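Notes to accompany the following structure.
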2 protein chains.
Amino acid sequence: MAKVGGNTQSCGRGGRQRVSTHLDLEHVALELFTERGYEATTVDELARAAGVSRRTFFRYFPSKNDIAWGAFDRELERLRCWLRECGPGLAAMDAVRQAVVACNRLDADEIPWHRKRMALILRVPALQAHSTLRYVQWRQVIADFVAPRLGHPADSLVPQSIAYATLGVAVAAHEQWLAAEHADLPQLLDFALRELASGFTLPSLTGVRGA
Amino acid sequence: MAKVGGNTQSCGRGGRQRVSTHLDLEHVALELFTERGYEATTVDELARAAGVSRRTFFRYFPSKNDIAWGAFDRELERLRCWLRECGPGLAAMDAVRQAVVACNRLDADEIPWHRKRMALILRVPALQAHSTLRYVQWRQVIADFVAPRLGHPADSLVPQSIAYATLGVAVAAHEQWLAAEHADLPQLLDFALRELASGFTLPSLTGVRGA
DNA sequence: TTCCAATCGGCACCGGGTGTCATTAGCTTC
DNA sequence: GAAGCTAATGACACCCGGTGCCGATTGGAA
């Protein structure tokens, strides 16, 4: 058992050392998932493979569905920061686009892991469904940003619509990225979000129909 | 036990009569859900309240989550029809907007049921999550419609983005409708989808900030 | 050393969902 | 009217995800 870094006891004094790490369990799980399939892998197997009891496993992750999400909270915070610190001169939709694009620039060595992660989230039905619950916070970040710029409450129609639409487009871009072996995620996001900001009124084939 | 109408044996000859109807079970379930809450109502209770065995219940509905969706397939077909029969002169986004709006005009007597249904789907986490899986088909209808008009495959980036964005905006509109007691759903949808088609570039407060 | 605090493991339990199989009920045919 | 086909039903056993509970373990602090 290698020495695990960053295994800081969260708070306070005393108490037993954790026998494993969030990240350890996550990696073991992702291996098994991609190897045997998500549904075919039971939590018992996950726990046993990680050398932890089933009960303990559920103390690290609230549910099997949450395993694939890794440091999503940190991603959220990045997005929130980017938007908080962008200049007020930037139009709302431009800011949103640039923020989403910027937060999806990955280091080359992270890409394989991120592909695995997203392949699970986007393609396994149970995780696809569960994602909705995590995306709520993501949308909230967008809505909270655009709402004051528009002079509307964050829970009103337009900010919510923007948040939903942006999320949808981002997911679509991720799907394309995942489907193409060497696609460039930021580029796909940038393109798709520009389309969104133009209302999808592409000049390409409006009424031409012949080309 | 009242005589149930429309209890047509699906196909073929012979065989035992169904003891209940899809619609019967659905109504019983919706009552119990809104009365005791979704999570607090077990399938056993549902089955017993409907006078059916638990096992039989799962022959009517693939899962507890699917109960609230009623005649969703028929709704899908309506949408598909509307889009199929709209003139080619209509711009893609306009057609989509009009189709969605038209398919959400409800008879006054359907509204209370639809509110119950949507309150479950949009507010109960388990159903909120599950909805993602049903929306796949809805998005497919949109993507299949816009794709040929744009000269792209239906599974490519722009059609998928439009489908995702449209769905998102429609859901946002439904949430607003649900939150306001006497809101007009078609009107909300029309407004929000116009915003989408304009890229959310509302002239309202672009840099004004004072009003 | 003693005490405290947090984690861990095991157990029982609940609820959703499925496979299997015998039973029941209707319709058709003889 | 009886035999036979067909389809729906109900009961049972099972799997799996998730939770509450409690005693046992492990460390640091007093």
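Note on naming: letters A, B, ... go to the chains in the order of the sequence lines (proteins, then strands), and numbering restarts at 1 for each one. Keep in mind that what you see is a predicted model, and the values were worked out from it rather than measured.
In this structure, B:R55 places its CZ atom 15 Å from C1' of D:dA7, rounding to the nearest Å. At whole-Å resolution of the value, CD in A:Q17 and C1' in C:dG9 are 18 Å apart. Going from atom CZ of B:R54 over to atom P of D:dA11 covers 13 Å, rounded to whole Å. Rounding to whole angstrom units, CZ of residue A:R16 and C1' of D:dT26 are separated by 5 Å. As a whole-Å value, the separation of A:R48 CZ from C:dG10 P is 12 Å.
Phosphate contact (OP1/OP2 of D:dA8, side-chain N/O of B:R18, threshold under 4.0 Å): present.
One finds no salt bridge joining B:R48 and B:D44 here, because no Lys/Arg side-chain nitrogen approaches an Asp/Glu carboxylate oxygen to under 4.0 Å. Using a 4.0 Å cut-off between charged nitrogen and carboxylate oxygen, A:E77 and A:R80 count as a salt-bridge pair. Under a 4.0 Å N-O distance rule, the pair A:D66/A:R134 qualifies as a salt bridge.
Of the residues in residues 39-47 of chain B, those with a non-hydrogen atom less than 4.0 angstrom from any atom of DNA chain C are B:T41, B:T42, B:V43. Residues from residues 58-72 of chain A placing a heavy atom under 4.0 Å of any atom in DNA chain C, listed by number, are A:R59, A:Y60. For DNA chain C, no neighbouring residue in residues 128-136 of chain B is found when judged by any heavy atom under 4.0 Å. Listed by residue number, there are no residues of residues 25-33 of chain B with a heavy-atom contact under 4.0 Å to DNA chain C.
A heavy-atom distance below 4.5 Å is not found between the side chains of B:P159 and B:F145. Side chains of B:H114 and B:H174 form a contact here, defined as non-hydrogen atoms less than 4.5 Å apart.
Summarising the geometry, atom CD belonging to A:Q128 is positioned 12.0 Å from atom CG belonging to A:N65; distances are rounded to the nearest 0.5 Å. With rounding to the nearest 0.5 angstrom, the CG atom of B:L25 is 13.0 Å from the CZ atom of B:R59.
Applying the side-chain hydrogen bond (donor to acceptor under 3.5 Å, both in side chains) criterion to B:Q98, with sequence neighbours excluded, gives no partner residue. Not a single side-chain hydrogen bond (donor to acceptor under 3.5 Å, both in side chains) links A:R105 to another residue, sequence neighbours left out. Considering only residues two or more places apart in sequence or on other chains, B:A129 meets the side chain to side chain contact (heavy atoms under 4.5 Å, CB included) condition with A:A129, A:L133.
When every heavy atom of B:A47 is checked against every heavy atom of B:F57, the shortest pair comes out as CB-CB, 4.3 Å.
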Show me the donor-acceptor pairs within less than 3.5 Å that the side chains of residues 177-188 of chain B make with the rest of the protein, sequence neighbours left out.
| unit_1 | atom_1 | unit_2 | atom_2 | d |
| --- | --- | --- | --- | --- |
| B:W177 | NE1 | B:A183 | O | 3.4 |
| B:D184 | OD2 | B:Q187 | N | 3.3 |

Under 3.5 Å, side-chain donor or acceptor atoms of residues 160-171 of chain B against the rest of the protein: list the pairs with distances, not counting sequence neighbours.
| unit_1 | atom_1 | unit_2 | atom_2 | d |
| --- | --- | --- | --- | --- |
| B:Q160 | NE2 | B:A154 | O | 2.9 |
| B:S161 | OG | B:L157 | O | 2.8 |
| B:Y164 | OH | A:E175 | OE2 | 2.7 |
| B:Y164 | OH | B:R139 | NH1 | 3.2 |
| B:T166 | OG1 | B:I162 | O | 2.6 |

Run the side-chain donor-acceptor check on residues 116-126 of chain B: report pairs under 3.5 Å with partners two or more places apart or on a different chain.
| unit_1 | atom_1 | unit_2 | atom_2 | d |
| --- | --- | --- | --- | --- |
| B:R117 | NH1 | B:E26 | OE2 | 2.7 |
| B:R117 | NH1 | B:A68 | O | 3.3 |
| B:R117 | NH2 | B:E26 | OE2 | 3.3 |

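Among residue pairs with one or both ends in residues 20-48 of chain B, those qualifying as ring-ring contact (aromatic ring centres under 6.0 Å, His included) are B:H22-B:F61, B:H27-B:W113, B:F33-B:Y38; sequence neighbours excluded.
Between B:Y135 and B:W69, the distance from one ring center to the other falls under 6.0 angstrom.
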So which protein nitrogen or oxygen atoms get under 3.5 Å of nucleotides 2-4 of chain D's nitrogens or oxygens?
none

